[in-house]
Amino acid sequence: MNCPGFELLSAHCDGQLTREEERTLLPHLASCPACARTLRALAAAKSALQDLPVPPAPRDLAARLLESAPRPSVLAAFLAELKAGLSGPSGAVAAAALAAALMLFWGRRQADGLLAVPAEVLVSAHRRYAQTMPLAPEAAPPPPALLAGGAEERDVY
Amino acid sequence: MSTSLLLAVLLAAPARGEEAWDALQEALAPPLVSYQGRLSVVEGKEARQLAVRYAPPGRIRRETLDRLGTVERLLVSDGETEWVWDRRSDTAWRGPDPAKERALSDPEEELALLKDNYEARLAPEETVAGRRCRVLEVSPRRGGPPVQRLWVDAEEGLVLRRVSYEDGRETARMGFESVAFDVPQRPEDFRFRPPAGARVVRRRPAPDALELEEAAQATDMAPRPPAWTPPGYVFESVSLLPYKGATILHYRWSDGVDALSMFQSPERTRVSPPRGTRPKTVAVSSSPAELSLLPDGKALSWTSEERFMIIGRLPFEALRRMAESVP
């Protein structure tokens with residue numbers, strides 16, 4: 001692979017790359033002195049920032065924060081009460097009853113025979129049709145979502 | 001301005017207009033030489049990098065690259081069979097090349113429809129990826145700003161940059177960052193063998209491009225196409241969209257540039273709003289309906305015994321009028 005940009009090296013330094021990206025990047029770092037140097041500089045900068053002393057908080061910080069904090073909404077207060085009520089054995093029973101009621105409701109809807117069609121199936125079909133327009137742009141390989149649906153059969157090689 | 005100069009300008013105008021259509025027609029034709037290059041594609045907030053190779057007739061290889069330059073997704077066609085491979089799921093889809101099945105309209109009819117609804121104008125030449133390009137602007141005849149700008153390679157006729165607009169606002173952009181023509185291509189680059197262990201799915205698309213009567217026989221729904229469609233749109237065909245045992249009718253119209261779709265789903269279906277959208281409740285024939293904004297248009301869905309959805313790049317009022325004309 002070509003040398004990655006500074007942003008990617010920084011993301012790697014902060015542990016923000018996906019596993020796949022790490023798998024691709026690490027062999028390059030092992031063989032590219034320039035990128036390895038940049039990465040060492042990033043790590044040194046990060047370490048230096050972390051070593052800076054933490055300034056002490058002002059004594060009246062807590063009071064100032066409470067004063068400027070918005071009043072909790074009625075909904076937030078209700079949710080806090082609900083959370084408090086659901087903790088403990090009786091709360092667990094209530095939560096289980098609620099879950100059971102939701103499952104019965106959902107089950108009844110399914111039993112009604114309603115087939116849920118994700119709009120993405122229709123939007124995908126529209127977009128595939130739009131690709132046939134004379135001035136349609138160069139099409140990138142479609143993502144799996146656009147290949148789902150339709151008549152398929154599976155072969156495993 | 002002298003009379004002779006004015007006359008020259010007036011006589012040149014239609015010639016320039018024809019020149020613009022000639023350039024557009026050249027851009028629509030398949031390339032005669034091979035090419036390869038890197039391009040960027042931006043649609044809404046999504047940006048992608050692609051590496052492309054082409055060899056006539058109809059062999060194509062398109063790689064979507066992730067930010068580390070690794071192939072994330074691959075499309076390969078030898079003109080007969082198309083493969084799409086997704087690295088993340090390690091799944092490969094195989095099916096007939098869609099270009100072979102795409103027989104909705106005669107190319108001359110398509111161009112005639114385009115000319116009926118749009119005008120093409122040549123703008124001053126520009127350079128893209130180091131290549132001299134003729135710049136075409138395509139604008140609706142009914143008035144309004146351009147809907148597309150195309151930068152067409154002056155020698156090879158390939159579109160090197162394309163920008164789409166809606167109401168004067170850029171909605172999508174594709175452009176080559178580097179391109180080379182007539183470079184020998186290896187035949188094996190247009191063949192695909194799934195990696196060991198990959199899951200392979202054989203795609204068999206449902207019958208496409210039906211007449212209305214054929215579609216009626218293929219489902220147990222009575223087709224209900226709208227009585228009114230926006231001016232300039234021509235009905236092209238109906239297609240069947242199977243989904244988990246149900247068959248949805250897909251009606252298709254085109255004005256030469258934009259596609260317009262209407263879907264009719266059986267009564268026992270429920271269509272969820274498009275992911276990532278916040279649908280707005282509107283009224284269709286005094287009944288509640290949902291309007292969702294997509295990156296490439298709008299989706300209007302409602303229920304009238306069966307479930308309907310219209311998708312197109314049109315003002316809401318046009319979609320509503322079309323919906324209200326469904327019998």
Side-chain angles (χ1 to χ4, degrees), chain A residues 1-5 7-9 11-12 17-28 109-110 112-157, chain B residues 28 39 41 48 50 52 62 64 67-70 73-75 84 86 89 91 93 102 104 110-111 114 138 148 162 164 172 174 194 198-206 241-244 246 248 250 252 254 256-259 261 263 265 268-275 294 296 299 309 311:
Chain A
M1 62 169 283
N2 295 330
C3 290
E7 240 183 66
L8 280 170
L9 289 174
H12 167 67
L17 292 185
T18 64
R19 246 181 285 170
E20 281 179 55
E21 287 172 329
E22 289 282 345
R23 262 202 300 270
T24 310
L25 182 62
L26 289 176
H28 176 80
R109 289 299 298 274
Q110 293 296 98
D112 284 347
L114 280 178
L115 172 67
V117 179
E120 279 65 41
V121 172
L122 309 186
V123 173
S124 303
H126 168 75
R127 286 178 177 158
R128 284 170 75 173
Y129 167 53
Q131 279 300 318
T132 67
M133 298 295 108
L135 296 185
E138 182 105 9
L146 290 195
L147 295 162
E152 296 178 4
E153 65 179 42
R154 288 161 199 252
D155 276 341
V156 176
Y157 277 33
Chain B
L28 295 177
L39 57 138
V41 176
R48 289 187 297 267
L50 269 72
V52 176
R62 293 194 193 110
T64 305
R67 49 186 185 161
L68 293 177
T70 314
R73 208 170 292 132
L74 173 67
L75 183 149
V84 178
D86 177 65
S89 61
T91 304
W93 289 262
R102 208 171 291 149
L104 296 178
E110 276 186 337
L111 188 65
L114 191 57
V138 179
Q148 280 209 18
R162 179 195 313 265
S164 302
M174 176 282 289
R199 191 171 69 101
V200 178
V201 177
R202 188 176 298 157
R203 295 169 60 208
R204 282 193 189 163
L241 186 61
Y243 185 78
K244 291 191 178 176
I248 300 168
H250 177 187
R252 307 186 289 198
S254 160
V257 169
D258 281 330
S261 295
F263 298 91
S265 309
R268 66 181 190 284
T269 55
R270 182 164 46 92
V271 179
S272 55
R275 212 177 299 141
L294 306 171
D296 48 351
M309 180 180 276
I311 302 176

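Numbered from 1 within each chain, the chains take letters A, B, ... in sequence-line order. Owing to the predicted nature of the structure, the values given are computational and were not obtained by experimental measurement.
Between chain A and the residues B/Leu28, B/Ile311, B/Ile248, B/Leu114, the most heavy-atom pairs under 4.5 angstrom are made by B/Ile311.
Between the B/Thr91 side chain and the B/Ser89 main chain, a donor and an acceptor come within less than 3.5 Å of each other.
When side chains are defined from C-beta on, A/Pro118 counts as touching B/Tyr243, because their heavy atoms get closer than 4.5 Å. Between B/Leu74 and B/Arg62 there is no side-chain heavy-atom pair separated by less than 4.5 Å. Side-chain contact between B/Val271 and B/Ser265 is present, with heavy atoms from C-beta onward closer than 4.5 Å.
Contacts of B/Pro274 with chain A are made by both backbone and side-chain atoms, with heavy-atom separations under 4.5 Å. Residue contact with chain B, scored on non-hydrogen atoms closer than 4.5 Å, involves the side chain of A/Leu8 exclusively.
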